[in-house]
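The model shown is predicted, which means the values in this text are computed figures rather than measured ones. Excluded from the calculations below are hydrogen atoms, water molecules and symmetry mates; all remaining heavy atoms, backbone and side chain alike, are included.
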Amino acid sequence: MLVVALTVAALLAPPASRLFAVGVGVGAGLREGVGDPTPSPAGASGLRAADDAVPAIARTWPVGVRPRVLRGWEPPATVYGPGHRGVDLAAPPGAPVRAVADGRVSFAGRVAGKGVVSVELAGTGDPPLRTTYEPVRASVPRGAEVKAGEVIGTVEAGGSHCTAPCVHWGLLRGDAYLDPLSLLPPWLLQRGPSRLLPVLGVPLP
């Protein structure tokens, strides 16, 4: 019974916390820390609470199986304050980068010398949720429909702001920054394989 209880508890563990989302009114300019050049809707700027309706629709991590998170999402205290508007995932140059869910490529190109791919996620409202990945050499064109797990590019050797090779993964709705880990269901957030613990009174084999 203890094994069953522990397994159920692990499966029901909540996803990563949804703390705050920051909208930066930069018009058609670049979004700091994300590099998505998509124009912003008018009036979408400002400090907002996180969208608790972010669906856990991801079916894979962007890179690897369970990549090491080098730096997590750190929403700034003010609109223009310091922070980290996404998460950095350890990934070697040349590693495949995958779409975490079904969607449409809204941008695939270079911004300030970095390769950037943005994917609007299907069925996530208006404006839709948008994931961003950089530095990535795109293998899909703008407008392409992609499926969860489909390779959209490879990690570039340069252009990362990490001390070690990484991919910066971002999530936005309009101009509001959200924690991309919110897209991951509990079974993807598990940090390692399940372990069976001994039941008291039952000898080990």
Problem - Polar side-chain atom of Arg66 near backbone of Gly64 as donor-acceptor pair, under 3.5 Å - result: no
Handout entry: Pro135 to Cys166 - nearest heavy-atom pair and separation
Key = CD-O, 3.6 Å
Exercise for the section: Measure across Ser118 and Thr132 and return the closest heavy-atom pair with its distance rounded to 0.1 Å. Expected result: OG-CG2, 3.5 Å
Handout entry: Heavy-atom side-chain proximity of Tyr133 to Val119 below 4.5 angstrom
Key = yes
Exercise for the section: Please round to the nearest 0.5 Å and tell me the distance separating atom CG of Leu171 and atom OH of Tyr177. Expected result: 11.5 Å
Handout entry: Heavy-atom check, side chain of Pro180 versus side chain of Thr131, under 4.5 Å
Key = no
Exercise for the section: Go through Asp179 and Val87 one step at a time and tell me if the side chain to side chain contact (heavy atoms under 4.5 Å, CB included) criterion holds. Expected result: CA-CA 8 Å; Asp179 183 357; Val87 297; 4.2 Å; yes
Fill in the blank from the handout: Smallest heavy-atom separation, Ala58 atom then Ala101 atom, equals CA-CB, 4.5 Å
Practice task
Determine whether more than 12 heavy atoms belonging to other residues, nucleotides or ligands lie under 6.0 Å from atom CZ of Arg137.
Solution key: no
Handout entry: Student check: side-chain heavy atoms of Leu129 and Pro55 closer than 4.5 Å
Key = yes
Completion exercise
Pro96 and Val63 have their tightest heavy-atom pair at O-CG1, 3.7 Å
Fill in the blank from the handout: Between Pro141 and Ala108, the two heavy atoms sitting closest are C-CB, 4.4 Å
Practice task
Enumerate the residue pairs fulfilling side-chain hydrogen bond (donor to acceptor under 3.5 Å, both in side chains) with a member in residues 87-98, sequence neighbours excluded, ordered by first and then second residue.
Solution key: His84-Asp88, Asp88-His161, Asp88-His168
Handout entry: Arg173 side chain vs Thr124 backbone, donor-acceptor pair below 3.5 Å
Key = yes
Practice task
Evaluate the side-chain proximity of Val117 to Val97: yes if any heavy-atom separation is below 4.5 Å, no if none is.
Solution key: no
Exercise for the section: Could you grab the distance from atom CD of Glu120 to atom OG of Ser106, nearest 0.5 Å is fine? Expected result: 4.5 Å
Practice task
Keeping the roles fixed (side chain from Arg104, backbone from Ala122), state whether a donor-acceptor pair exists under 3.5 Å.
Solution key: no
Exercise for the section: Group every Ile, Leu, Val, Met, Phe, Trp and Tyr by side-chain heavy-atom contacts under 4.5 Å, then state whether Val155 and Val65 land in the same group. Expected result: no
Problem - Check: Ser139 side chain, Ile152 main-chain N or O, donor-acceptor pair, under 3.5 Å - result: yes
Practice task
Please check if Trp61 and Val140 belong to a single hydrophobic cluster, counting links between Ile, Leu, Val, Met, Phe, Trp and Tyr side chain heavy atoms closer than 4.5 Å.
Solution key: yes
Problem - Sub-4.5 Å side-chain heavy-atom contact between Pro165 and Pro92 - result: no
Problem - Close side-chain approach of Leu121 and Leu183, heavy atoms under 4.5 Å - result: yes
Exercise for the section: Tell me whether Leu181 is reachable from Leu70 by hopping between hydrophobic residues (I, L, V, M, F, W, Y) whose side-chain heavy atoms are closer than 4.5 Å. Expected result: no
Problem - Expected output: side-chain Glu156 to main-chain Gly115 donor-acceptor under 3.5 Å - result: yes
Problem - Residue pair Val146 / Ala99: nearest heavy atoms and the distance that separates them - result: CG2-CB, 3.9 Å
Handout entry: Leu89 and Val69, any side-chain heavy atoms less than 4.5 Å apart
Key = yes
